[in-house]
Amino acid sequence: MVFARSSSPHGHAPLDTGAVMRCVLLATLPGLVALTWNFGWGSLINVVLASLVALGLEAAIVAARGRPVLFYLRDYSALVTAVLLGLALPPLAPWWLVVIATLFAIAIAKHLYGGLGYNPFNPAMVGYVVVLISFPVQMTTWITPRDLLAEGVSLPGLWQSLQIVFPALGTPELSDGFTGATPLDAFKQYSGLLVEQIYQREPLFNQAEIASYGWEWVNLGFLAGGVWLLYKRIFTWHAPLAMLAALTLMAALFHDGGSSTSGGSPLLHLFSGATMLGAFFIVTDPVTSAASTTGRLIYGAGVGILVYCIRVWGNYPDAVAFAVLLMNFAAPLIDNYSLPRSYGHSRRRKATEKKP
Amino acid sequence: MRKIWDIPGGIHPPENKTQSLGQGIATLPLPDILILPLGQHAGAPAKPLVAVGDRVLKGQLLAEPGGFISAALHAPTSGTVSAIEDRAIPHPSGMSARCIVLLPDGNDEWCPHHGVADYRAASPVALLGLIRDAGIAGLGGAGFPSAVKLGPKQPIDTLIINGTECEPYITADDILMRERAADIVEGVAILAHILGNPATLLIGVEDNKPQAFEALEAAARGTAIEVVEFPTKYPSGGEKQLIQILTGKEVPSGKLPADLGIVCQNVGTTYAVQRAIVHGEPLISRVTTVTGRACGRNGNYEVPIGTPIRHLLAHNAFDAARCARLIMGGPMMGFALPDIDVPVVKTTNCILAGSHDEFPPAPPAQACIRCGLCAEACPASLLPQQLYWYAQSHNLERLEAHNLFDCIECGACAYVCPSNIPLVQYYRAAKGEIRQQDAEKKKADHARQRFEFHKARLERAEAEKAAKREARRLAAEEAQAKVAGDAIPASGPGSADDLIQAAMARAAARQSSPEQQQAKLERGLEAARNRLQVAEAKLAEGEGEGLDTEPLDRLRARVEEARVKLAEAERKLAEFTPATSPAPSATAARVVDKLQGAPRDQLERSITTLRERIATTEAKIAEASDETIAAALRNGLDKQRAKLRDAERQLADLGPADASPEQPAADAPTLDAAAQAIARAQAKAEAMAAMNPLEKLDAALEGLDQRIAKARDKVAAAEAEQSEHLDTLRAALDKLEAKRADTARQRAELAGQGAH
């Protein structure tokens with residue numbers, strides 16, 4: 001009688017990587033619903049297109065590496081990258097933009113470094129930044145929220161949206177004037193005005209409940225998803241909370257009483273742009289963030305501060321992607337110096353300690 | 001309510017304990033063979049005291065402790081020792097070890113034994129001796145000899161009894177606490193007495209064992225023992241973790257709980273101590289849980305040590321086909337057994353025969369996504385994801401910086417890992433690597449030390465030899481100097497004389513006999529001829545290959561040189577006459593001049609020589625046929641001109657010719673004396689050259705006679721003074737006389753010859 005020779009432990013928790021990723025995908029749904037409701041079919045098309053490209057590309061690369069394709073697809077990591085990318089890209093972006101972004105994210109930012117777990121940079125953010133810098137026009141064309149459209153103007157329907165994304169399908173009959181700036185865009189435009197003057201002018205702001213119309217719901221949706229993920233203990237609170245807290249602090253510090261040089265209120269920053277998406281879905285990407293909880297606090301805080309700096313004093317209206325990539329650079333350094341204090345030691349050690 | 005603390009991390013795997021709690025502690029029929037490994041405890045294996053064929057009684061000592069950290073081994077039942085050989089033992093490696101094989105005779109006959117009447121009257125040392133003699137080791141899993149652990153040098157203020165049993169499936173301690181709580185409490189009292197009555201006595205029980213808790217509480221009522229209940233979490237039962245829960249203190253890394261004044265013992269060990277002290281029974285059986293769905297019946301049994309697992313499983317309707325894994329211990333830290341013929345040992349708390357649905361094969365590991373769930377679960381607050389990363393890349397330095405050796409290998413990290421990575425395996429392997437590296441480094445350091453000492457020793461020996469040689473040489477020189485100094489009339493300070501002597505000796509040595517000189521010249525001629533031949537051959541080759549003019553010219557130049565040299569060699573040989581050249585005196589004179597001549601004279605002489613040489617060189621250049629030769633000669637000429645300028649400058653620096661000689665007046669008489677001696681020698685040499693052989697011999701005889709006379713005088717003087725050189729002088733005299741006799745004989749021969 002010979003029995004299986006295995007090493008302890010012999011039991012395992014029911015959790016697996018695919019399950020973790022599926023939870024993350026589920027958590028993006030509220031935000032996706034809010035996006036679709038306010039801005040039309042664009043985001044959904046982006047997400048579907050990016051997912052298809054990502055899965056196909058990952059399958060091809062994994063097969064080229066001589067590994068079992070389904071085993072690698074089943075961890076859902078490519079799908080998560082694609083969905084996050086699709087959510088970040090502007091709705092109704094041309095198909096080739098989405099494809100290029102996904103290509104860079106999956107093939108270059110992920111597989112060139114060795115695949116899942118080995119990439120130093122967040123793949124979705126790499127894809128986003130590549131197309132942001134390469135195609136600035138397409139990347140800064142956003143849509144006015146549905147309820148703020150002028151009389152007679154409506155968001156493109158599904159077929160029209162498809163025709164916009166895939167011009168090969170034909171020229172759509174569109175109503176004019178459904179494009180519009182994002183709230184951070186708008187805030188940056190009116191550089192000489194006082195904050196309340198901006199708020200008076202822009203329906204984006206004066207129709208809103210807390211920050212900006214439409215976009216606040218998107219951010220609230222992502223916040224809800226993030227809180228659910230916290231509840232499911234998919235990740236710890238340290239990184240997202242540190243990012244949001246740092247961003248709030250910076251915005252409060254430089255709010256300047258609403259003068260013309262103000263960077264914007266904390267609420268504006270928290271609920272505009274990709275803040276909540278970044279806090280709960282990008283910053284919490286485990287592969288590219290710090291290892292220990294202290295490290296994650298530092299990492300998150302760094303992202304928050306950088307987001308504010310680039311938004312207010314940089315050229316780009318939104319900065320989550322750049323901030324995250326910059327902190328990805330710093331993550332190994334943070335890891336070296338944020339070891340936890342282990343049992344039986346009086347203080348935390350440094351990873352660079354040499355044996356005496 | 002006593003305050004309790006929480007440990008960081010931890011997991012809550014499904015407990016699976018109810019299956020084996022259906023019955024109380026049961027007994028098994030005796031097996032037909034008992035296999036007793038000699039090394040069932042931590043430390044040195046026990047040394048057998050019985051021989052094959054011996055009949056033993058139950059409880060009889062079979063093997064004594066093999067060292068300080070070791071434990072004894074006793075017969076679990078009466079029977080015959082059938083063998084002492086290597087058998088398969090329950091160990092993760094699957095290796096064999098020395099075992100005593102016992103065949104029970106079925107009588108189960110006890111050997112005479114008795115306990116201590118009142119342990120409170122006995123001394124702790126005596127009680128420790130009894131525990132050691134009883135072969136008690138830690139029954140919680142590590143098997144550390146209890147007599148050693150209970151005799152710490154540090155003062156102990158807290159005794160903790162570990163009734164936690166945090167691993168799933170295992171219920172051995174639970175059932176023991178339920179059924180034998182009174183004995184356990186008495187055991188705690190005994191331990192407290194041994195440890196000098198620590199202030200705090202605690203029994204820790206998890207809250208998933210309410211009946212055990214109540215039983216213990218009832219038994220401990222009225223004593224100083226406090227039974228503490230705390231929330232169930234794996235791995236609270238680890239010694240370090242239990243100490244943290246009950247006292248809030250952390251055992252410093254690399255140290256023992258005794259350093260904090262704490263001793264921790266398992267309830268099973270405590271019970272065994274009570275049986276040993278109060279009843280005199282050595283450790284020969286233990287409570288073991290048999291569980292898992294591959295066994296039809298699950299329960300707890302009081303199993304004699306050495307019972308083959310096969311017997312245990314057979315009693316519980318074991319179905320091998322259903323069994324996926326046979327584990328000794330629990331699912332988190334137990335190890336898989338290769339087969340069922342291994343015996344139960346002192347540390348076997350559970351046999352888990354898991355079915356395929358209980359223990360499905362582990363799915364293949366995926367990439368680590370650094371989710372950090374492992375770090376959240378780690379009770380030692382480590383970073384398992386970093387340890388895994390560095391273990392994979394064999395970065396041993398980083399592993400140690402991340403506190404790899406603080407890992408208790410509880411398996412919580414691997415349990416929660418969503419990618420199914422077998423993390424603990426990597427840590428065990430990495431720890432092994434580091435230990436091996438340390439052992440090799442120690443060896444290398446030791447070897448280096450030995451080499452350095454070896455080198456130093458050799459150097460010292462060399463230095464000693466050299467010193468001895470020096471000393472000997474100096475002594476010999478002294479002796480020689482003494483002898484030489486006495487033979488020649490000392491005419492002033494020895495320095496000039498010595499120099500002259502040395503110079504003459506060198507010249508004499510250099511001067512070879514006429515035959516040797518001729519041979520040398522002939523050899524030189526031969527060599528010159530050879531060189532010419534080679535050069536001509538090369539030239540012919542070059543011309544044949546059709547080289548450019550430049551290399552051809554070079555070859556031709558070489559041929560010319562060779563011819564010139566050959567001509568010179570022939571001339572020298574032709575000129576050579578076997579006459580005794582006045583070389584010694586000439587050489588001596590030159591040497592003397594060089595050493596003693598006034599700087600002014602020296603310079604003037606060198607200027608003259610240089611001028612002559614320059615003239616010769618210029619002449620040679622003029623008649624040089626070849627460009628290359630001419631160029632070489634011109635080079636030489638430049639150097640000579642430079643030397644001439646130098647010498648003229650030095651002469652000018654010296655000043656007018658009438659400057660007083662720089663040599664001290666004291667040297668003047670020496671010079672005169674030396675010059676006189678030289679003059680004498682020169683005269684003699686000339687005279688010798690002019691003489692014929694017969695006259696030479698006559699002169700030699702005369703000289704010898706003179707020397708012999710002097711030597712005789714010396715010997716007489718030495719005899720008078722009783723000098724220590726007497727023997728040397730006598731020997732010298734003898735030599736001279738022998739030489740004289742020889743020379744006389746030669747002269748006689750020559751005269752005789754001449755007459756014919």
Side-chain angles (χ1 to χ4, degrees), chain A residues 1-21 68 71-72 74-75 77 114-118 233-236 238-239 284-293 295-296 331 335-336 338-346 348-355, chain B residues 11 13 92 168 240 244 250-255 320 323-327 331-340 354 359 361-364 366-373 375-376 379-383 385-386 397-398 400-403 406 409 411 414-416 418-420 422 424-425 428:
Chain A
M1 258 163 283
V2 180
F3 308 104
R5 295 286 292 272
S6 61
S7 175
S8 67
H10 304 279
H12 195 271
L15 198 61
D16 78 277
T17 311
V20 170
M21 299 287 182
F71 177 75
Y72 278 81
R74 222 174 261 138
D75 61 23
S77 57
L116 178 65
Y118 297 99
R233 313 191 70 149
I234 299 295
F235 46 72
T236 58
H238 302 84
T284 54
D285 171 39
V287 181
T288 53
S289 84
S292 63
T293 47
R296 285 175 185 174
D335 277 341
N336 276 357
S338 61
L339 267 61
R341 182 196 69 81
S342 303
Y343 182 101
H345 294 268
S346 51
R348 57 172 93 230
R349 296 178 69 178
K350 297 188 194 48
T352 46
E353 276 179 26
K354 302 255 180 246
K355 220 157 100 158
Chain B
I11 52 173
K240 290 186 181 175
Q244 192 178 21
E250 291 182 16
V251 178
S253 175
K255 300 261 186 342
C323 185
R325 272 179 250 196
L326 186 63
I327 297 168
M332 298 302 297
M333 288 183 78
F335 55 91
L337 293 171
D339 60 58
I340 59 174
F359 295 103
Q366 294 171 299
C368 167
I369 58 170
R370 301 167 67 77
C371 60
L373 290 177
E376 284 173 45
S381 305
L382 303 171
L383 289 177
Q385 72 270 58
Q386 295 289 70
E397 261 182 3
R398 284 281 168 110
E400 287 195 85
H402 281 83
N403 298 318
D406 288 322
E409 296 178 24
Y415 183 81
V416 295
S419 297
N420 289 296
V424 187
Q425 286 187 40
R428 286 202 197 105

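To find a chain, count down the sequence lines: A is the first, B the second, and so on, and within it residues start at 1. Computed from heavy atoms alone, side chains included, the values below leave out hydrogens, waters and symmetry copies.
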Measuring heavy-atom distances to chain A, does [X] have an atom under 4.5 Å in its side chain, in its backbone, in both, or in neither?
X: K255(B); result: neither
X: M333(B); result: backbone
X: A324(B); result: backbone
X: I369(B); result: both
X: C368(B); result: backbone
X: E400(B); result: both
X: P363(B); result: neither

Please name all residues satisfying side-chain hydrogen bond (donor to acceptor under 3.5 Å, both in side chains) with Q385(B), sequence neighbours left out, ordered by chain then number. none
With distance as the sole criterion, is a donor-acceptor pair present between the side chains of N403(B) and R348(A) under 3.5 Å? no
Between S381(B) and S342(A), does any side-chain donor sit less than 3.5 Å from a side-chain acceptor? no
Got a salt bridge between E250(B) and R341(A), using NZ or NE/NH1/NH2 to carboxylate O under 4.0 Å? yes
I'd like to know if D285(A) pairs up with R370(B) as an ion pair, taking the criterion as any Lys NZ or Arg NE/NH1/NH2 lying under 4.0 Å from an Asp or Glu carboxylate oxygen. no
Is there a donor-acceptor contact under 3.5 Å from the side chain of T17(A) to the main chain of P418(B)? yes
Quick check against the 3.5 Å criterion: does H10(A) have a side-chain atom that pairs as donor or acceptor with the backbone of G334(B)? yes
Residue Y72(A) versus chain B: region with a heavy atom under 4.5 Å: neither
Considering only heavy atoms, which portion of R296(A) lies under 4.5 Å from any heavy atom of chain B: side chain, backbone, both, or neither? side chain
Most contacts with chain B, counted as non-hydrogen pairs under 4.5 angstrom, among K350(A), E353(A), R349(A): R349(A)
Residue list, salt bridge (Lys or Arg N to Asp or Glu O under 4.0 Å) with R74(A), at least two apart or on another chain: none
Using a 4.5 angstrom heavy-atom cutoff, name the option from A367(B), P331(B), G411(B), P13(B) with the most pairs to chain A. P331(B)
Among D406(B), V424(B), L337(B), which has the most heavy-atom pairs under 4.5 Å with chain A? D406(B)
